[in-house]
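Numbering of residues begins at 1 and proceeds along the displayed sequence.
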Amino acid sequence: MILAEFKATVHPSIEARQRIRTLDAQMMDAIKDREVGDKAIAEAVEPVVNGVRADKTVGGADGALYKEMGYIPKSERNPRACW
């Protein structure tokens, strides 16, 4: 095997490894972007949830809307033990 044949043989593997490094870097950037976006979502959702909890016309913290938002209504929570 001459050098040119060797280079041709290993080239696909080397190229694939470079693509993987690039994709890993893109993945890390995307994860950071997602974390920033998730923080913004949490900040935007908090006042909405607080508004639903305060609005007794929709059942407040014990209503169906609160439950549909993914929260556990007060009446469905386990009672705390009193000491």
Side-chain angles (χ1 to χ4, degrees):
M1 180 181 291
I2 63 172
L3 180 59
E5 292 171 327
F6 176 78
K7 287 182 177 181
T9 300
V10 300
H11 181 73
S13 177
I14 292 171
E15 192 173 86
R17 290 171 190 278
Q18 178 57 43
R19 284 195 327 265
I20 289 169
R21 280 192 293 274
T22 300
L23 291 170
D24 280 342
Q26 290 175 355
M27 175 71 98
M28 296 306 295
D29 288 343
I31 289 171
K32 289 176 188 174
D33 292 345
R34 180 194 61 197
E35 289 171 355
V36 169
D38 286 351
K39 184 177 179 187
I41 289 170
E43 290 173 2
V45 166
E46 184 178 9
V48 174
V49 173
N50 289 338
V52 170
R53 287 176 30 199
D55 188 349
K56 302 305 178 199
T57 65
V58 295
D62 206 26
L65 178 58
Y66 189 70
K67 185 173 185 173
E68 285 295 317
M69 294 172 74
Y71 295 92
I72 300 171
K74 283 179 122 179
S75 63
E76 295 180 21
R77 296 181 197 159
N78 289 332
R80 290 178 143 181
C82 295
W83 302 102

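- Atom CG of Leu65 is separated from atom CZ of Arg53 by 13.0 Å, given to the nearest 0.5 angstrom.
- Atoms CD and OH, on Glu76 and Tyr71 in that order, are 15.5 Å from each other to the nearest 0.5 Å.
- Both Val48 and Ile41 belong to a common hydrophobic cluster when Ile, Leu, Val, Met, Phe, Trp and Tyr are linked at side-chain heavy-atom distances under 4.5 angstrom.
- Checked against side chain to side chain donor-acceptor pair (under 3.5 Å), Arg21 has the following partners two or more places apart in sequence or in another chain: Gln18.
- Here the closest heavy-atom approach between residue Ala44 and residue Pro47 is recorded as O-CD, 3.4 Å.
- When atom types are taken as modelled, the side chain of Glu46 and the backbone of Glu43 share no donor-acceptor pair closer than 3.5 angstrom.
- For Tyr66 against Arg77, the heavy-atom pair with the smallest separation is OH-NH2, 3.5 Å.
- Closest approach of Val58 and Val52 over heavy atoms only: CG2-O, 4.0 Å.
- Summarising the geometry, atom NE2 belonging to His11 is positioned 8.0 Å from atom CD1 belonging to Ile14; distances are rounded to the nearest 0.5 Å.
- With sequence neighbours left out, Glu35 forms a salt bridge (charged side-chain N to carboxylate O under 4.0 Å, His left out) with no residue at all.
- Between Gly63 and Pro73 the shortest heavy-atom distance is O-CG, 4.2 Å.
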Distance-only criterion, 3.5 Å: show the donor-acceptor pairs between side-chain atoms of residues 24-33 and protein atoms not counting sequence neighbours.
none

